[in-house]
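As the structure lists them, so they are numbered: ligands from 1, and atoms in each ligand from 1. Excluded from the calculations below are hydrogen atoms, water molecules and symmetry mates; all remaining heavy atoms, backbone and side chain alike, are included.
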Amino acid sequence: MADLFTQEHDRASDEPQVTHLGHGIFHIKHLASTESCLRRIDEITQEIPMRHMMTPMGYPTKASMSNCGKYGWVSDLDGYRYSERDPISQQPWPALPREFLQIHQSACQLANIPSFLPDACLINRYEISQSMGRHKDKDEQDTSWPIVSISLGLSAVFEVYPDNPEISPMKILLEDGDVLILSSSSRLWAHGVKPIKADLLQPNLTTRYNLTLRRSH
Ligand code: MD3
Ligand code: FE
């Protein structure tokens, strides 16, 4: 069973390390460089500031969000969709940085799945205690394309709830620099993020970022 307790952590090396957790879920440790990713996020959010988006349920998202790439994921009282422009500034989203595309491509290579060109990158920002409720990602035109997720900063416990009751839910610890690929059957499974906890060893670290690279159209 793949969960927090059985994941292997190779503490001896900082080389990328791929684990197939089953069902098309690949966990790759030590792939993303935090410093260069955070610089790119800074540039993007200077153009399009992170914000909480209103959901159709009438309350704002807990994490704050921005986007880069041709399309961005947006939410308001009318629902969820991908848009070529930021609904507030009416500006097109900043370009997807080369660094993100490189991580995406390396991740696909390491997991041995065909790479694809993402046209959307959602940036989620979590402060301590913020979470993301259980949901499915199905706003993309063709939901068979994998999703590649990059975690930066504070760790998160991510939960996946398989559609098949014979497969147990999984908890996955996502740490700084980790990449997760959701492909094949897991792509449409429900998932959520537990409330982010402070790291007592790094008291100045108060944020987690998650980038999801997707093909929306
Ligand atoms: C598992 N974000 O933006 S990323 C989201 O950490 C989202 O911010 C989380 O869920 C975060 O929609 C999790 C990893 C992820 C993305 C898509 C999935 C896991 C998934 C789709 C199916 C199953
Ligand atoms: Fe999701």
Side-chain angles (χ1 to χ4, degrees), residues 2-3 7 19-29 31-32 34 37 41 50-53 55-57 60-69 71-75 79-82 93 100 103-104 107-108 111 113 116 118 120-140 142-164 167-197 207-216:
D3 65 15
Q7 275 181 60
T19 308
H20 185 207
L21 302 175
H23 314 285
I25 307 178
F26 296 88
H27 185 199
I28 307 165
K29 297 208 63 71
L31 185 57
T34 314
C37 288
I41 292 173
M50 309 278 320
R51 61 178 80 102
H52 303 275
M53 292 203 224
T55 63
M57 291 81 90
T61 58
K62 293 182 190 116
S64 54
M65 299 173 173
S66 185
N67 288 282
C68 59
Y71 296 94
W73 184 87
V74 298
S75 171
Y80 311 120
R81 65 197 165 276
Y82 282 92
W93 307 101
F100 297 178
I103 295 165
H104 169 97
C108 292
I113 66 163
F116 62 98
C121 174
L122 172 64
I123 306 171
N124 293 146
R125 179 191 164 114
Y126 299 81
E127 309 300 338
I128 289 162
S129 88
Q130 290 177 342
S131 59
M132 183 176 280
R134 180 173 171 157
H135 69 276
K136 292 183 179 184
D137 290 23
K138 46 182 164 50
D139 303 316
E140 299 75 21
D142 176 352
T143 53
S144 64
W145 293 106
I147 292 179
V148 174
S149 138
I150 304 172
S151 290
L152 302 164
L154 284 172
S155 302
V157 175
F158 172 77
E159 294 188 308
V160 191
Y161 308 91
D163 286 337
N164 179 347
I167 307 170
S168 303
M170 293 176 221
K171 281 192 210 297
I172 303 169
L173 176 64
L174 293 178
E175 295 179 299
D176 181 51
D178 287 7
V179 174
L180 197 67
I181 301 181
L182 294 305
S183 65
S184 57
S185 56
S186 67
R187 170 62 179 78
L188 284 170
W189 288 354
H191 54 277
V193 178
K194 303 279 258 183
I196 303 296
K197 290 182 182 161
T207 304
R208 169 176 188 259
Y209 285 102
N210 182 264
L211 311 172
T212 41
L213 293 122
R214 305 153 188 256
R215 179 126 183 177
S216 68

>> To check you understand the geometry: which heavy-atom pair defines the closest contact between Ser151 and Arg208, and what is its length?
In response: OG-NH2, 2.8 Å

> Closest heavy-atom contact between Phe100 and Cys121?
Replying inline: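 Looking at all heavy atoms of both residues, the shortest contact is CD1-SG, 4.1 Å.
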
Salt bridge (charged side-chain N to carboxylate O under 4.0 Å, His left out) involving [X] - partner list, sequence neighbours excluded:
X      : value
Arg215 : none
Arg214 : Asp137, Glu140
Asp176 : none

Inventory of protein N or O atoms under 3.5 Å from ligand 1 N or O:
| residue | atom | partner | partner atom | Å |
| --- | --- | --- | --- | --- |
| ligand 1 | 3 (O) | Asn124 | OD1 | 3.0 |
| ligand 1 | 3 (O) | Arg214 | NH2 | 3.2 |
| ligand 1 | 6 (O) | Arg208 | NH1 | 2.9 |
| ligand 1 | 6 (O) | Arg208 | NH2 | 3.2 |
| ligand 1 | 8 (O) | Asn124 | OD1 | 3.1 |
| ligand 1 | 8 (O) | Tyr126 | OH | 2.5 |
| ligand 1 | 8 (O) | Asn210 | OD1 | 3.4 |
| ligand 1 | 10 (O) | His135 | NE2 | 3.2 |
| ligand 1 | 10 (O) | His191 | NE2 | 3.0 |
| ligand 1 | 12 (O) | His135 | NE2 | 3.1 |
| ligand 1 | 12 (O) | Asp137 | OD1 | 3.3 |
| ligand 1 | 12 (O) | Asp137 | OD2 | 3.0 |
| ligand 1 | 12 (O) | Arg214 | NH2 | 3.2 |

> Can you tell me the N, O or S atom of His135 that's nearest the Fe ion (ligand 2)?
Replying inline: NE2

> With the Fe ion (ligand 2) as the point of reference, which N/O/S atom of Asp137 is the closest?
Replying inline: OD1

> Among Val193, Asp178, Leu173, which one satisfies side chain to side chain contact (heavy atoms under 4.5 Å, CB included) with Phe158?
Replying inline: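 Output: one option passes, namely Val193.
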
> Is the centre of the Tyr80 ring less than 6.0 Å from the centre of the Trp73 ring?
Replying inline: yes

